[in-house]
Number of protein chains: 2
Amino acid sequence: MKNNIKALRKELGLRQEDMANTLGVTRQTINAIENEKYNPTLELAMKLARLLNTTIEELFILDL
Amino acid sequence: MKNNIKALRKELGLRQEDMANTLGVTRQTINAIENEKYNPTLELAMKLARLLNTTIEELFILDL
DNA sequence: TATGAATGTAAATAGAATTTGACATTAAAT
DNA sequence: ATTTAATGTCAAATTCTATTTACATTCATA
């Protein structure tokens, strides 16, 4: 499961902490998802996609 | 978080147990997701969407 | 090169997803 | 009306996600 959160995040000029605050999670959670430490829940992933003005399918790539 | 898994599943003539088997989870997990008992992980949600020939965005509706 | 801001990371813990096993309910068909 | 398949549900145990706290590392810039 890869993703391009970091690229999209930087396009918007946001820090991990900014995203964490607006999504109501911690900075470490955002960091862990960006660096593919684990799979987020669907709801958090959808909020992430919405914040980054994109879709789940464009944000996350299920490698299989 | 609503979804239309049941409708799409029946269009394909699949049972909950069929989906569970192909996705490598238990029937109870499929049932719980269909009946909105909890949010699945992103990976499972993506596999579900792929199995049902649709996208996350069309399968799940984040009510907010 | 030194300083601060942003990011990476780790361990412990809490909390939620999923499994297991079992039983109840519904739907379909005989 | 019976039987069987399919679905709904529940409790306990397990696995994994997510939080918290804390410290290390990278990166930019003075």
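Keep in mind that this is a model prediction, so the values were computed, not measured. Every heavy atom of this structure was used, including side-chain atoms; hydrogens, water molecules and symmetry mates were not. The sequence lines fix the lettering, A, B, ..., with proteins before strands; numbering per chain opens at 1.
Residue A/Gln28 places a side-chain atom within donor-acceptor reach of the base of D/dT21, judged by atom type and a 3.5 Å distance cut-off alone.
Atom C1' of nucleotide D/dA18 and atom CG of A/Leu42 are separated by 16 Å, given to the nearest angstrom. When the C1' atom of C/dA6 is taken as reference, atom CD1 of A/Ile30 falls 14 Å away, rounded to whole Å. Whole-Å rounding puts the B/Lys6 NZ to C/dA27 P distance at 10 Å. Protein atom CG of A/Asn39 is 6 Å distant from nucleotide atom P of D/dT17, rounded to whole Å. Residue A/Gln16 contributes atom CD, which lies 16 Å from atom P of C/dA5 at whole-angstrom precision. Straight-line distance from the CD1 atom of A/Ile33 to the P atom of C/dT7: 15 Å, rounded to whole Å. A straight line from CG of A/Leu44 to P of C/dG15 spans 18 Å, rounded to a whole angstrom. D/dT7 atom C1' lies 14 Å from atom CE of B/Met19, rounded to whole Å.
A side chain to side chain contact (heavy atoms under 4.5 Å, CB included) with A/Ile5 holds for exactly one of A/Lys10, A/Glu34, A/Gln16; it is A/Glu34.
When all heavy atoms are compared, the tightest approach of A/Pro40 to A/Ile33 is CB-CD1, 3.7 Å. The two residues B/Arg9 and B/Leu14 have their closest heavy-atom pair at NH1-O, 2.9 Å.
When each of C/dG8, C/dT18, D/dG8 is scored by its nearest atom to the side-chain atoms of A/Glu34, the top-ranked nucleotide is C/dG8. When each of C/dA6, C/dA17, C/dG8 is scored by its nearest atom to the side-chain atoms of A/Arg15, the top-ranked nucleotide is C/dA6.
Checking the phosphate oxygens (OP1, OP2) of C/dG8, a side-chain nitrogen or oxygen of A/Asn35 falls inside 4.0 Å. Contact annotation: A/Arg9 side-chain N/O to C/dT7 OP1/OP2 distance is under 4.0 Å. Of the side-chain N and O atoms in A/Thr41, one or more sit less than 4.0 angstrom from OP1 or OP2 of D/dA18. Contact annotation: B/Asn31 side-chain N/O to D/dT7 OP1/OP2 distance is not under 4.0 Å.
With contacts defined as side-chain heavy-atom distances shorter than 4.5 Å, the pair B/Leu42/A/Leu44 does not qualify.
Taking for each of B/Lys10 and A/Lys37 the nucleotide of DNA chain D with the nearest heavy atom, the 5'-most of the two is the partner of B/Lys10.
A/Thr26 comes within contact range of at least one nucleobase, with a heavy-atom separation under 4.0 Å.
Between the A/Asn21 side chain and the A/Glu17 main chain, a donor and an acceptor come within less than 3.5 Å of each other.
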